[in-house]
Amino acid sequence: MRFSNLFGKTLREVPAEADSLSHQLLIRAGMIYQVAAGVYSHLPLGWRVLKKIGQIIREEMDKAGGQELMLPVLQPFELWQESGRHLSFGKSLFTLSDRREHKLCLGPTHEEVITELVHHYVQSYRDLPLLLYQIQTKFRDEARPRGGLLRVREFIMKDLYSFDIDEVGLDESYQRMVQAYKNIYGRCGLSTVLVEADSGAIGGKESHEFMFVTEAGEDEIIYCSNCDYAANVEKAQSVKPKLEVEAPLSLEEVSTPGIKTIEEVANFIGVSPRCTLKAVFCIADGELTFAVIRGDFEVNEVKLANLLNCVEFRLAAEAEVEEAGLIAGSASPVGIKRIKTVADDSITLGSNFVAGANKADTHFKNVNYPRDFEADVVADIAITRPGDGCPKCGSQLLAMHGIEVGHVFKLGTFFSRKLGAFFLDKNGTSKPIVMGCYGIGLERLLAATVEQSHDDKGIIWPVSIAPYQVYLCPLYLDNPQVSSLAEKLYEDLREEGVEVLFDDRNESAGVKLNDADLLGIPLRIILSPRTLKIQSVEVKWRAEELTQLLSLENAAKEVKQLINLRLAELLSSL
RNA sequence: CGGGGUGUAGCGCAGCGGCUAGCGCGCAUGGUUUGGGACCAUGAGGUCGGAGGUUCGAAUCCUCUCACCCCGACCA
């Protein structure tokens, strides 16, 4: 490709709306253009990267036994009603009506469509297992798109669905996908860590996310300072610090005028927050639910929602709390009736707690579970914090941020039951197909790579996904010798099968070199009167400082070898 | 959805009640240049996000509205 013909333009200045580094660099390099909030056009350079990422994914999916197909973006809304996910997806689902006022939606994911498809074609255990995938545009009406390509409303996703006869088969498919994903990130030159993830309320058993670790990431990862435990904070568990259990004292009412928050209560009474009980209220599928937790912990809403197994979940408004006869600020699990109560297991790690008395400006001392109140469920609903104990080995937990670049998920039989995808096993018994799903967002993978690999001058693409492998950069192009030899080298490189961007512009050296750095093409070749004097060209890796000279005669072949060597290195590191 | 911010030329910004709206970059033409974002000359390019209002007069003040960005909520 000749630079003079390339559509897109590099920018010197940082666009005002771009905040994240990848966003800034991708715009400045002329790879993406924003059309609306969370909606982008991919310009030729950016699209080449996405196509290469797609190809790597495709190869690894095929290698793992996947079959590529293509499902529709446009989906009947009824299908989502069948699974019930029209509610759980809520406003994130883009919906529209056709000319007959028939309701449709734009696919945010394809479990429903593919389960229905597999239901149609699979009747016997002999048809299983199956690994089906597609690379396709997804639509999600995110409440807040952000960070350029990091969170968008329209994006390209590889989604694979596994169909097995049982849990053992699912485990196998799952492991196969985990390995394939590791290969993909390795080939793309992106470092990732595998962390346990929330599996949601739809009956999934196990789920993992592939994270690229960076402060720019919006996910928080809790990991162990000693062992290999790592989990998304939504999922992370910990060993909660135990308090000395004292002999239970008798319940005592204390006047606490104007005292509402845990800190105020703890200060007023003169105890530590961990000697108090905190109340949190939520609305789960319309039902007010009371959650109680030790005062030094916070409620993890994801865990709570999962535990309640509800479709719609939100925190309750103050008015709703009062309507239920509870006193905000002095709400208490003691003596409440007809309200579902969920308790964090931290309330069993301690005694003689201070809690609300459900009476204005009044608290109780010496509240003990289960003597003074009952809970319908006692489970872990706490947010795990750095500093807590690792659930595996007890060592200290730490926290970091990451970008989720892939998600693998054991779905189980939720969709197959909802959509009637059953098969007959060897004994002629009808069973639901056991499913898994596995997703990678291509733009996000691209953006994460830029976040990982750049310097103050621009992007540094790994050879495997760079838009071009070589940046051919002749200087003093009005010198006829330079220009004719550059043209020749351009031809030779292309004959060798090297992907080359030929900067045929009659720009100053500074402009060309800066653009070369900004675009991040892995290998730069400079050809100038200076190098011609010694019958050579100068080559330099974008990621390195050193330059080397190649003889003009064999330049194309040697460049080809250099590129191949780099690609091989990337593969051998897997 | 709550809080904050920004909309003026392709990009970055200035102008914030008074003549025909400016600057830098980029763009076009001509010339001189070229190892890290050259220079000179000439030129093109704007319904000042939109609507309404106040005023003799609005980019500028007021109201409404739209879009985008950031923080939070949200994100099977």
Side-chain angles (χ1 to χ4, degrees), chain A residues 8-20 23-24 27-28 30 33-40 80 83-93 107-112 138 140-148 150-153 155 159 197-204 207 209 218-219 232 234 301-302 305-306 309-315 317 404 407 409-412 414-415 418 435-437 439 441 444 456-458 473-479 482 503 505-518 524 526-533 537-538 540 547:
Chain A
K9 194 173 279 185
T10 57
L11 296 178
R12 287 189 194 196
E13 287 179 282
V14 179
E17 81 274 7
D19 199 52
S20 74
H23 194 194
Q24 293 178 359
I27 292 178
R28 285 188 55 214
Y33 176 79
Q34 180 169 16
V35 175
V39 181
Y40 289 84
W80 286 74
S83 70
R85 288 211 298 177
H86 63 302
L87 296 174
S88 54
F89 247 89
K91 285 187 171 171
S92 295
L93 193 63
T109 174
H110 282 73
E111 283 83 3
E112 282 80 0
K138 299 283 192 265
R140 294 185 188 182
D141 197 358
E142 295 284 349
R144 184 155 94 83
R146 71 182 90 182
L150 290 175
R151 178 167 294 279
V152 289
R153 296 192 295 170
F155 60 99
D159 45 328
D198 168 51
S199 52
I202 58 168
S207 168
E209 288 163 341
E218 52 181 345
D219 285 294
N232 192 308
E234 293 174 354
E301 291 171 33
V302 174
N306 288 344
N309 198 23
C310 58
V311 175
E312 284 177 297
F313 177 90
R314 63 184 171 82
L315 291 181
E404 178 194 343
H407 198 163
F409 199 127
K410 289 186 182 176
L411 295 170
F414 179 86
F415 291 98
K418 290 273 185 192
M435 292 174 55
C437 72
R444 200 182 268 182
D456 55 346
K457 294 196 172 110
C473 186
L475 304 178
Y476 303 89
L477 253 185
D478 51 0
N479 175 325
V482 170
D503 193 344
R505 301 172 300 169
N506 206 3
E507 290 284 352
S508 72
V511 169
K512 292 176 120 173
L513 296 174
N514 277 303
D515 275 345
D517 286 342
L518 177 59
R524 186 185 76 190
I526 288 186
L527 197 133
S528 72
R530 201 192 284 179
T531 66
L532 291 189
K533 237 184 245 172
V537 296
E538 176 196 298
K540 175 185 169 299
T547 60

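As the structure is a prediction and not an experimental result, all values here were calculated from the model. Proteins come first, then strands; the chains are lettered A, B, ... in the order of their sequence lines, and each starts at number 1.
- Shown here, G57(B) forms no base pair; nothing in the strands shown gives a Watson-Crick or G-U wobble contact with both key distances under 3.5 Å.
- Nucleic acid contact class of Glu112(A) (heavy atoms, under 4.0 Å, all strands): none.
- In a base pair of the Watson-Crick type (N1 to N3 plus N6-O4 or O6-N4) or a G-U wobble (N1-O2 and O6-N3), with each distance short of 3.5 Å, G22(B) is matched with C13(B).
- With hydrogens and angles ignored, the 3.5 Å screen pairs no side-chain donor or acceptor of Glu142(A) with any backbone N or O of Arg144(A).
- Of the possible polar contacts, none joining the Lys512(A) side chain to the Leu475(A) backbone as a donor-acceptor pair under 3.5 Å is found.
- When the P atom of A73(B) is taken as reference, atom CG of Leu315(A) falls 11 Å away, rounded to whole Å.
- Here the CD atom belonging to Glu404(A) is positioned 5.5 Å from the CZ atom belonging to Arg444(A), to the nearest 0.5 angstrom.
- Here, C69(B) and C61(B) have their P atoms 25 Å apart, quoted to the whole Å.
- Atom-to-atom, CG of Asn232(A) to C1' of C75(B) comes out at 11 Å; the value is rounded to the nearest Å.
- Of the charged side-chain nitrogens involved, at least one lies within less than 4.0 Å of a carboxylate oxygen, so that Glu538(A) and Arg524(A) count as a salt-bridged pair.
- Residues Asp515(A) and Glu507(A) fail the side-chain proximity criterion, which asks for heavy atoms closer than 4.5 Å.
- In this structure, CG on Leu315(A) lies 4.0 Å from CD on Glu301(A), to the nearest 0.5 angstrom.
- Under 3.5 Å, the side chain of Arg151(A) and the base of C75(B) form at least one donor-acceptor pair of N or O atoms.
- Atom CD of Glu234(A) sits about 9.0 Å away from atom CG of Asn306(A), to the nearest 0.5 Å.
- If you take atom C1' in C25(B) and the same atom in C1(B), they sit 40 Å apart, rounded to whole Å.
- Searching all strands for a Watson-Crick or G-U wobble partner of U6(B) with both distances below 3.5 Å returns A67(B).
- Here CD of Glu111(A) is found 7.0 Å from CH2 of Trp80(A). Values are rounded to the nearest 0.5 Å.
- Atom NE2 of His407(A) is separated from atom C1' of C75(B) by 12 Å (rounded to the nearest Å).
- Comparing the C1' positions of C11(B) and G37(B) gives an interatomic distance of 15 Å, to the nearest angstrom.
- As a whole-Å value, the separation of Glu218(A) CD from G72(B) P is 9 Å.
- Across all strands shown, the partner of C27(B) is G43(B), judged by Watson-Crick or G-U wobble contacts whose two distances both fall under 3.5 Å.
- Ala18(A) approaches His23(A) most closely through the heavy-atom pair CA-ND1, 3.4 Å.
- For the P atom pair drawn from C64(B) and G5(B), the interatomic distance equals 15 Å after rounding to whole Å.
- Here the straight-line distance linking atom OG1 of Thr109(A) with atom CZ of Arg85(A) works out to 5.5 Å at 0.5 Å rounding.
- Across all strands shown, G36(B) forms no Watson-Crick or G-U wobble pair with both key distances under 3.5 Å.
- G37(B) atom P lies 15 Å from atom CZ of Arg505(A), rounded to whole Å.
- Along RNA chain B, the nucleotide nearest to Leu518(A) and the one nearest to Ser92(A) differ in position, and the one closer to the 5' end is contacted by Leu518(A).
- The gap from the P atom of C23(B) to that of A44(B) amounts to 13 Å, rounded to the nearest Å.
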Can you give me the N/O atom pairs linking the protein to nucleotides 68-71 of chain B at distances under 3.5 Å, or say none if there are none?
| from | atom 1 | to | atom 2 | distance (Å) |
| --- | --- | --- | --- | --- |
| C68(B) | OP1 | Ala37(A) | N | 2.9 |
| C68(B) | O3' | Gln34(A) | NE2 | 3.3 |
| C69(B) | OP1 | Gln34(A) | NE2 | 2.9 |
| C70(B) | OP1 | Gly147(A) | N | 3.3 |
| C71(B) | OP2 | Arg144(A) | NH1 | 3.3 |
| C71(B) | OP2 | Arg144(A) | NH2 | 2.6 |

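- The shortest non-hydrogen separation linking Ser20(A) to Gly147(A) is OG-O, 3.4 Å.
- A donor-acceptor pair is defined here as one N or O able to donate and one able to accept, closer than 3.5 Å; such a pair exists between the side chain of Arg140(A) and the backbone of Pro108(A).
- The gap from the P atom of G12(B) to that of U55(B) amounts to 37 Å, rounded to the nearest Å.
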Let me have a per-nucleotide readout for nucleotides 22-36 of chain B, 5' to 3', with B, S or -, counting only protein heavy atoms under 4.0 Å. --BSSS------BBB
Just the atom pairs and distances: protein N or O near nucleotides 5-9 of chain B's N or O, under 3.5 Å.
none

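- Here the C1' atom of nucleotide C75(B) and the CD atom of Glu301(A) are 13 Å apart, to the nearest Å.
- Atom CZ in Phe313(A) sits about 13 Å away from atom P in A73(B), given to the nearest Å.
- Pairing of G72(B), defined by two Watson-Crick or G-U wobble distances under 3.5 Å, is identified with C1(B).
- The separation of G17(B) from G10(B), taken at their P atoms, amounts to 27 Å, rounded to a whole angstrom.
- Of the inter-residue distances, the one linking Thr10(A) atom OG1 with Ile27(A) atom CD1 reads 13.5 Å to the nearest 0.5 angstrom.
- A gap of 31 Å separates the C1' atoms of A76(B) and G4(B), to the nearest Å.
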